[in-house]
Amino acid sequence: MRILLLNGNTTAAITELCAAAGRAAASPGTEVVPLTPALGPAVISSRLENAIAAHGMLEAMAPYAGPKGETVDGVLLAVSYDTALEAARQLMPCPVLGMTEAACLVAMTTGRRFGLVTFGGVEMYRELIAHHGFSGRLAGLLGVAATPQDALADPGGVAAKVNAAIVTLVAQGAESIILGGAALAGMGARLESPVPLLDGIACGVRLLEGLAGLGLPRPAAGSLVPVSGRVSQGLGAALERALQG
């Protein structure tokens, strides 16, 4: 089984961080294929950058979507805003999961209410959790004063800040906690928590293994039906072919 792990930004170090977490979680025989887009922001921290990143991600995964390209059995979007998720599902012939979506799905099985800790602001996460339909199970959101670059340069210092946020979220009623951010991938081993910590990369890889095994067909009705006969300009060749069907 091959799982394409697609970073949402153009920072290769974050891609490798996520790939390491994905490989650690994968079952024997599952290959994690990391991919960094050529187009997009270095780190996504705004709505504008998120929209730009969606284009870069679709361009990057399009070569895996057609019968003449490489094939994969599932796609994990290694970006905590689950950027381009619905569009990717319409594009790809295999299951696609967002890392925060995957962590939320697992959180539904580990307790009544969950929390999420991330870097910086939390409002886009609040909206994302509502979009996925999980707001009623959310205990709290906390953003620590750190950046993805800080996590790469000073993992110990950032872990201390995240530990403090975990204590607060548990006091607010969280029975599991999502590590919300690609740069937090794999950090769970360095953290202390009285409740389960959910790494979206690990959750996503495991869920994709199961989804791929179900062998579900592509939809023939609804909003995710594959497109065909669409005219576009300025896109990469693979994405243009996908729109043409």
Side-chain angles (χ1 to χ4, degrees), residues 3-8 14 17-18 21-22 24-26 44-45 47 50 53-54 57 74-90 92 94-144 148 162 165-166 168-188 191 193-212 214 216 223-224:
I3 293 176
L4 181 67
L5 186 146
L6 176 59
N7 189 0
I14 294 178
L17 187 71
C18 292
I44 303 167
S45 60
R47 297 182 190 277
N50 199 40
M57 293 174 71
V75 177
L76 178 58
L77 306 181
V79 49
S80 58
Y81 294 136
D82 293 350
T83 308
L85 177 59
E86 282 80 14
R89 284 182 171 147
Q90 192 167 34
M92 298 300 293
C94 59
V96 180
L97 281 175
M99 63 176 288
T100 298
E101 174 192 41
C104 286
L105 289 169
V106 175
M108 298 300 99
T109 71
T110 59
R112 290 299 306 164
R113 303 173 71 207
F114 68 93
L116 183 146
V117 58
T118 188
F119 299 138
V122 299
E123 193 55 35
M124 290 176 68
Y125 288 98
R126 192 184 311 279
E127 294 172 7
L128 178 63
I129 290 167
H131 175 74
H132 288 322
F134 302 135
S135 293
R137 303 280 290 274
L138 180 65
L141 297 166
L142 278 180
V144 302
V162 175
I166 288 170
T168 300
L169 287 169
V170 171
Q172 293 175 357
E175 296 177 333
S176 62
I177 294 174
I178 294 170
L179 302 177
L184 285 165
M187 187 178 286
L191 300 174
S193 175
V195 300
L197 296 178
L198 303 178
D199 184 319
I201 299 298
C203 293
V205 166
R206 284 295 194 168
L207 288 177
L208 279 171
E209 289 176 340
L211 285 171
L214 290 173
L216 300 175
S223 66
L224 298 182

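Sequence neighbours left out, the pairs with a member in residues 94-110 that pass salt bridge (charged side-chain N to carboxylate O under 4.0 Å, His left out) are Arg89-Glu101.
Side-chain atoms of Glu175 do not come within 3.5 Å of backbone N or O of Phe114 as any donor-acceptor pair. Under a 3.5 Å cut-off, the side chain of Arg113 and the backbone N or O of Ser176 do not form any donor-acceptor pair.
Looking at Ile177 and Val170, their side chains come closer than 4.5 Å, going by heavy atoms from C-beta outward. Considering only heavy atoms from C-beta on, Val75 comes within 4.5 Å of Cys94 through its side chain. Looking at Leu97 and Leu77, their side chains never come closer than 4.5 Å, going by heavy atoms from C-beta outward. Taking the side chain as every heavy atom from C-beta outward, Leu179 and Leu198 never approach each other to under 4.5 Å.
Checked for salt-bridge contact, Glu123 and Arg47 miss the test: no charged N lies under 4.0 Å from a carboxylate O.
Considering all non-hydrogen atoms of both residues, Ala102 and Gly200 come closest at CB-O, 4.1 Å. Contact record, His131 with Glu86: NE2-OE2, 2.9 Å, taken as the closest heavy-atom pair. Residues Ala165 and Val117 come closest through the heavy atom pair CB-CG2, 3.6 Å.
The side chain to side chain contact (heavy atoms under 4.5 Å, CB included) test with Ser80 is passed by exactly one of Leu184, Thr100, Ile44: Thr100. Across Leu141, Leu128, Leu142, a single residue satisfies side chain to side chain contact (heavy atoms under 4.5 Å, CB included) together with Leu116, and that is Leu141.
Relative ring orientation between Tyr125 and Tyr81 is described as tilted, the plane-to-plane angle lying within the 30° to 60° band.
Contacts of Glu209 classified as side-chain contact (heavy atoms from CB on, under 4.5 Å), with partners at least two apart in sequence or in another chain: Met1, Ile3, Ala26, Ser27, Thr30, Val205, Arg206.
Side-chain contact check for Asp82 and His132: at least one donor-acceptor pair (N or O, by modelled atom type) lies under 3.5 Å.
Once rounded to the nearest 0.5 Å, the distance linking CE of Met99 with CG of Leu5 reads 9.0 Å.
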